[in-house]
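Chain letters run A, B, ... following the sequence lines, proteins first and then strands; every chain starts at 1.
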Number of protein chains: 2
Amino acid sequence: MSNTRIQSPASLLPEPTLRRLPWYLAYVSTLRGEGVEHVSSTRMAGELGLDSSRIAKDLSYINVKGKTRIGYEVASLETALRDFLGFSRTHTALIVGAGSLGAALMRDSGLQRYGLKIVAGIDTDPRLDGSDISGIPVYGPSRMAGLVAGMGITVGILAVPVEAAQTAADELVAAGVTAIWNFTPTRIRVPEHVVITNTSIYSNLAVMYNRMESLNR
Amino acid sequence: MSNTRIQSPASLLPEPTLRRLPWYLAYVSTLRGEGVEHVSSTRMAGELGLDSSRIAKDLSYINVKGKTRIGYEVASLETALRDFLGFSRTHTALIVGAGSLGAALMRDSGLQRYGLKIVAGIDTDPRLDGSDISGIPVYGPSRMAGLVAGMGITVGILAVPVEAAQTAADELVAAGVTAIWNFTPTRIRVPEHVVITNTSIYSNLAVMYNRMESLNR
């Protein structure tokens, strides 16, 4: 699923760690909302169903250390996690394909809290050209290159039908995006200098159905 | 991310294979749309950037074999993949949390093509009780157990805020769902007999940002 490439030291943390960090963030954000000031790795471990030494090790990657008997300071841990995960910076994105899934992503205000700002959409349907979805303007495909360059767009979100996916990805790469977030259930190929991240919600469904089947047998 | 449990023989295929099968399905669906009748594993390998022996092995898990010189029959391969992946059966789902992400999922007509039919939504906002989103009715939390039992709901989709996630999951389990599809960025704990599948689009964002950073260094 992921490209391998030479990593610089600061990003040497393993992907499983990177995938657990958002769990810690979600948990400490909840604690902060409840007015809790400190949390031990033991308490986190109990709540999250993980090993406390695993948590301590994961957090040491982002240079956060707990204090003996007190644990981690909730507010500073939250900030450190948000910063490290890139959620406190704004990444500007263009969505390609404003159909049901694309429009849904444009309406999801949650993305902005995680550092992703969708500034425009592209769709081949001429009826959508010049419209807007949740205040985000939608244009025809001829506008892609101009939008990416003019708005400093670094992320292209791919939400087109499968058969249009590779072509749309090629156009995004040519327009100069740094990363493509692929929501189509197909495999996209990009040059080495472009990041590809796949979020196929449908392939997760296949995994879920398969596990449901094996329970029933 | 996934629960381990004893698997029956038919579901013994490795998760990486299970995650590649939707790629093959997407590709052969496109081929069928173009009127192509046969495809070799070599051609598939070239298009998908995979090894042809890997593809042949993956497809042997679902008892599909290609013919020498002709390759796979596109239409029957598509059917076999859809059936195996559970996309041709209907799984009835209840969505909990009809906020931005939850409503977005209710509007995504794509899910139904992948075998998931969202039949109702639950939200704590009293203004939503009795409303509908894309024709799907939304009710208050007191209706959960009755809906799950009365509508034969097997899948609970979790799209609530983080701090409400575990409680909502517990309620879904008590109501009798077989599986929970967790869209919250937090870790949910469920009993052994319930399937949990995590789709944290925000944790994918963290992975993407991290790779973008390492490119820039």
Side-chain angles (χ1 to χ4, degrees), chain A residues 1-3 5 7-8 10-11 15 18-19 21-23 25-27 29-30 33 48-49 85-87 91 100-101 103-105 107-110 114-116 154 162-163 178-179 181 184-187 189 193 195 197 199-215 217, chain B residues 1-3 5 7-8 10-11 15 18-19 21-23 25-27 29-30 33 48-49 85-87 91 100-101 103-105 107-110 114-116 154 162-163 178-179 181 184-187 189 193 195 197 199-215 217:
Chain A
M1 172 175 151
S2 60
N3 291 357
R5 57 182 92 245
Q7 302 276 309
S8 61
S11 63
E15 187 162 321
L18 195 49
R19 293 196 173 274
L21 295 181
W23 290 346
L25 174 59
Y27 178 61
S29 302
T30 306
L48 297 169
L85 292 169
F87 296 158
H91 305 78
S100 58
L101 180 62
L105 291 168
R107 289 192 194 98
D108 177 15
S109 56
Y114 289 87
L116 196 76
T154 53
V162 162
E163 58 276 14
T178 311
W181 193 7
T184 77
T186 193
R187 188 154 206 231
R189 294 200 285 159
H193 66 277
V195 172
T197 300
T199 299
S200 173
I201 66 171
Y202 307 127
S203 95
N204 283 333
L205 268 180
V207 173
M208 183 174 75
Y209 295 157
N210 194 257
R211 293 196 194 129
M212 290 169 79
E213 282 294 308
S214 50
L215 278 186
R217 281 194 199 106
Chain B
M1 176 175 147
S2 58
N3 291 356
R5 57 181 92 247
Q7 302 275 311
S8 62
S11 63
E15 187 163 321
L18 194 50
R19 294 198 171 272
L21 295 181
W23 290 346
L25 173 59
Y27 178 61
S29 300
T30 306
L48 297 170
L85 291 169
F87 295 158
H91 305 77
S100 58
L101 180 62
L105 291 168
R107 289 192 193 98
D108 178 14
S109 55
Y114 289 88
L116 196 76
T154 54
V162 163
E163 58 276 14
T178 311
W181 192 7
T184 78
T186 193
R187 190 156 204 229
R189 296 200 283 161
H193 65 278
V195 172
T197 300
T199 298
S200 173
I201 66 171
Y202 307 126
S203 96
N204 283 333
L205 268 180
V207 173
M208 183 173 77
Y209 295 156
N210 193 257
R211 292 194 195 132
M212 289 169 79
E213 282 294 306
S214 50
L215 278 185
R217 283 195 197 106

At a 4.5 Å cut-off on heavy atoms, which part of [X] comes close to chain A: side chain, backbone, both, or neither?
X	result
Thr30(B)	side chain
Arg189(B)	side chain
Ser29(B)	neither

Let me confirm one number: the CG-CG distance from Leu18(B) to Asn204(A), rounded to the nearest 0.5 Å. 10.0 Å

What is the distance from atom CZ of Arg211(B) to atom CD of Glu15(A), rounded to the nearest 0.5 Å? 5.0 Å

Between Gly86(B), Gly49(B), Ala179(B), which residue shows the highest count of heavy-atom pairs closer than 4.5 Å to chain A? Gly49(B)

Answer yes or no: is there a side-chain heavy-atom contact under 4.5 Å between Tyr202(B) and Leu85(A)? no

Are side-chain heavy atoms of Tyr114(B) and Ile201(A) found at a separation under 4.5 Å? no

Residues which pass side-chain hydrogen bond (donor to acceptor under 3.5 Å, both in side chains) with Thr186(A), listed by chain and number, not counting sequence neighbours: none

Just give me the residue among [options] that pairs up with chain B most often, heavy atom to heavy atom, under 4.5 Å.
options	result
Ala103(A), Gly110(A), Ser200(A)	Gly110(A)
Val207(A), Thr154(A), Leu25(A), Leu105(A)	Val207(A)
Asp108(A), Val162(A), Leu116(A)	Asp108(A)

At a 4.5 Å cut-off on heavy atoms, which part of Thr184(A) comes close to chain B: side chain, backbone, both, or neither? neither

Do the rings of His91(B) and Tyr209(A) sit parallel, tilted or perpendicular, given the 30° and 60° boundaries? parallel

